[in-house]
Amino acid sequence: MAPAAEVGQIVNVAARLAAMAKTRPDSLAVVAPRGRGYESITFKELDQYSDRAARGLRKLGVVPGTRMALLVKPGIEFVALVFALFKAGAVAILIDPGMGRRSLVDCLDEARPEGFVAIPMAHLVRKLLRSRFREARIHVVVARHWLGREPTLTSLVRRPWSGGELAATRAGDPAAIIFTSGSTGPPKGVLYSHGNFDRQVDEIRDYYQIAPGEVDLACFPLFGLFNCAMGVTTVIPDMDASRPARVDPARIVSAVRDWKVTQSFGSPAVWDRVGQHCAKHDVRMPSLGRVMSAGAPVTARVLAGIKGCIAPGGEVHTPYGATEALPVASISASEVLNKTAALTARGAGVCVGRRFPGIEWKVIEAVEGPLAADGTRSVPATVADGTSGRAARLSSPKSGMPATLGVRELPAGSIGELIVRGPVVTNRYVTRVEANALAKIGDGPEFWHRMGDVGYLDEQGRFWYCGRLSQRVLSAAGPMYTECCEAIFNNHPAVFRSALVGIGPLGSQRPVMICEPWPGKFPRRAARRQLLDELRSIGSDNPLTSSIDDYLLHRSFPVDVRHNAKIFREKLARWAARQLS
């Protein structure tokens with residue numbers, strides 16, 4: 001593993017692309033759908049393209065620290081522009097368009113962009129809502145347009161390449177603002193530094209033994225940025241990245257075969273559809289030796305389905321982490337299927353594996369709200385700029401953070417809250433900055449990040465995920481954990497997935513189990529009553545779920561927009577309250 005950057009050393013993750021352009025100049029860097037075929041670009045061409053774009057951005061007034069919103073569809077231009085922004089020293093604001101127009105606009109407003117690099121429709125929205133983007137003054141339109149005299153990407157890169165561009169950033173300098181999925185509250189803007197990105201590349205490459213020359217199918221576009229830094233070809237599939245649960249599995253299989261893909265990263269929703277398709281049509285993908293899936297717990301059924309259709313001896317990995325801290329841990333499908341899945345089915349939680357080398361972690365006593373120096377609850381500090389949503393100034397990194405670590409660490413086997421620290425862990429939110437007091441625990445000059453997850457460490461040093469801290473049900477009988485309780489009902493052949501929710505005040509919540517039957521197989525009235533009776537019988541026979549009296553069926557759970565896999569239990573709780581009122 002590469003040593004940590006020394007104080008004062010230039011660290012800019014875009015330098016890795018330049019290095020790959022020298023060692024693998026003619027190898028394909030990015031391949032993307034275009035019309036009925038594909039377009040491609042080599043590492044040398046991509047590096048020079050991003051150099052020219054960075055130079056053009058600088059001439060428009062972009063300087064290190066300038067916040068630039070990037071709203072471009074996945075493809076060659078997207079990858080090139082991210083690296084161009086890094087090379088110019090700008091802070092790239094990256095927002096998942098699948099979160100919906102209102103949430104997207106709110107996130108942009110809170111991030112306070114000083115410019116937009118975007119497709120024409122995004123610029124049109126910016127113009128219509130100009131009162132919300134008063135600081136935005138530098139604009140580039142990515143395509144021909146009808147918006148007046150604003151420069152286009154084509155005009156930016158018109159001049160021939162005349163040498164490399166690379167801002168002299170340091171490890172702690174800001175590189176990007178990436179928003180959380182909003183599965184447990186409003187999306188928050190996470191500030192990534194160049195050091196965070198640089199270390200992520202090392203951790204992912206070394207842990208999974210990814211080598212230059214491999215070919216990756218990036219079913220989650222941001223992962224393609226890591227590929228370019230590793231010398232791996234990125235193939236962008238023909239799919240709507242904002243709707244992974246609706247992917248056409250045949251197109252994924254075709255891309256794997258056409259480009260002899262060796263690895264792929266995608267949401268559990270993608271691999272569920274692909275696995276079912278391959279099993280139904282007896283399809284194999286013999287070149288695919290490494291699959292990664294994250295964003296929500298991946299069931300043993302999905303893991304077995306994918307493992308059965310990739311290369312003999314190939315492996316499926318489920319890295320664990322969050323927008324604020326990635327990667328944290330990982331486990332292989334082989335370990336899950338052979339060792340942990342049976343325990344998960346009995347309510348032990350989901351084993352997410354062992355920590356990455358650069359991560360430290362602890363399980364502490366679960367506490368609602370921010371933690372003060374003595375480990376008790378405290379009130380968040382006042383936000384520096386007095387606003388609740390909009391971005392804090394990037395020069396105020398410790399706004400709202402507690403001062404010292406003062407929490408009780410739990411022994412192996414005890415369920416509590418997971419906290420982590422390490423060079424891949426981001427140090428703050430720059431929108432919804434009041435959340436810094438809740439998410440960070442000061443420890444001298446350093447800090448720990450509260451993952452917001454509850455679970456326990458076993459004697460082998462593996463973390464078992466039991467659910468989100470905010471989604472546990474605090475009933476009169478004691479705490480109930482979503483992943484543990486839901487697994488009991490997921491064993492029923494008619495149940496696609498389930499969700500434990502609580503109704504009423506904390507400490508006396510009424511637990512409700514909601515089950516979603518398989519898509520297209522929602523039972524009719526008589527069969528519905530029978531299924532509910534069977535679920536009640538299962539619940540009453542298990543000590544983890546015997547206190548549940550209320551059972552409901554739901555046709556289709558609300559899920560997050562990024563991975564279409566995280567269940568919005570808060571929405572389901574409100575729905576259940578209406579059903580049972």
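Values in this document were obtained by computation on a predicted structure and should not be read as measured data. For reference, positions follow the sequence shown, starting with 1.
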Pairwise side-chain contact, Asp453 with Arg468, heavy-atom cut-off 4.5 Å (strictly under)
yes
Separation between CE (Met513) and CD1 (Ile488), nearest 0.5 Å, reads 8.5 Å
Ignoring hydrogens and geometry, is there a side-chain-to-backbone donor-acceptor pair from Thr431 to Ala111 under 3.5 Å?
no
Residue from Leu326, Val350, Ile331, Leu418 passing side-chain contact (heavy atoms from CB on, under 4.5 Å) with Tyr320
Leu418
Test side-chain contact (heavy atoms from CB on, under 4.5 Å) applied to Asn196 - qualifying residues, sequence neighbours left out:
Tyr192, Ser193, Thr426
Approximate separation, where rounding is to 0.5 Å, of Asn227 CG and Asp216 CG:
4.0 Å
Give, for atom CZ of Arg354 and atom CD of Gln460, the distance between the pair rounded to the nearest 0.5 Å.
5.5 Å
Could I get the full list of salt bridge (charged side-chain N to carboxylate O under 4.0 Å, His left out) partners for Glu483, not counting sequence neighbours?
Arg569
Ring pair (Phe, Tyr, Trp, His ring centres under 6.0 Å) partners of Tyr465, counting only residues at least two apart
none
Output the distance between atom OH (Tyr429) and atom OG1 (Thr323), rounded to the nearest 0.5 Å.
8.5 Å
Taking side-chain contact (heavy atoms from CB on, under 4.5 Å) as the definition, give me every residue that meets it alongside Leu572, ordered by chain and number, with sequence neighbours left out.
Ala499, Val501, Ile514, His554, Phe557, Pro558, Ile567
Against the six-membered ring of Phe447, is Lys440 placed for a cation-pi contact (under 6.0 Å from the centre, within 45° of the normal)?
no
When rounded to the nearest 0.5 angstrom, what is the spacing between CG in Leu343 and CZ in Arg346?
5.0 Å
Under the salt bridge (charged side-chain N to carboxylate O under 4.0 Å, His left out) test, which residues partner Arg528, sequence neighbours left out?
none
Any side-chain heavy-atom pair of Ser181 and Asp96 under 4.5 Å:
no
Going by the rule salt bridge (charged side-chain N to carboxylate O under 4.0 Å, His left out), which residues pair with Glu409 if we only count those two or more places apart in sequence or in a different chain?
Lys362
Tell me every residue that passes side chain to side chain donor-acceptor pair (under 3.5 Å) with Tyr208, counting only those two or more places apart in sequence or in another chain.
Ser330
Here the salt bridge (Lys or Arg N to Asp or Glu O under 4.0 Å) pairs for residues 546-559, sequence neighbours left out, are Arg510-Asp550
Distance in Å, Asn491 CG paired with Thr344 OG1, rounded so as to fall on 0.5 Å steps
10.0 Å
Restricting to salt bridge (charged side-chain N to carboxylate O under 4.0 Å, His left out), what partner residues turn up for Asp106, sequence neighbours left out?
Arg132
The side-chain contact (heavy atoms from CB on, under 4.5 Å) partners of Arg301 (sequence neighbours excluded) come to Asp272, Gln276, Thr299, Phe496, Trp518
Under a 3.5 Å distance rule, please check whether Arg421 uses its side chain to pair with a backbone N or O of Glu446 as donor and acceptor.
no
Just so I know, are the side chains of Phe197 and Leu225 near enough to count as touching, which here means a heavy-atom distance under 4.5 Å?
no
Walk me through it: do Arg536 and Asp533 pass the test salt bridge (Lys or Arg N to Asp or Glu O under 4.0 Å)?
CA-CA 5 Å; Arg536 287 190 183 93; Asp533 288 342; 3.4 Å; yes
Taking side chain as C-beta onward, heavy atoms only, is Leu552 less than 4.5 Å from Trp575?
yes
Can you check whether Pro319's main-chain N or O pairs, donor with acceptor, with His317's side chain at less than 3.5 Å?
no
For Leu506, enumerate each residue passing the side-chain contact (heavy atoms from CB on, under 4.5 Å) test, keeping only those at least two apart in sequence or located in another chain.
Leu474, Gln509
Arg497 and Glu486, any side-chain heavy atoms less than 4.5 Å apart:
no
With sequence neighbours excluded, what pairs up with Phe226 under the ring pair (Phe, Tyr, Trp, His ring centres under 6.0 Å) test?
Phe223
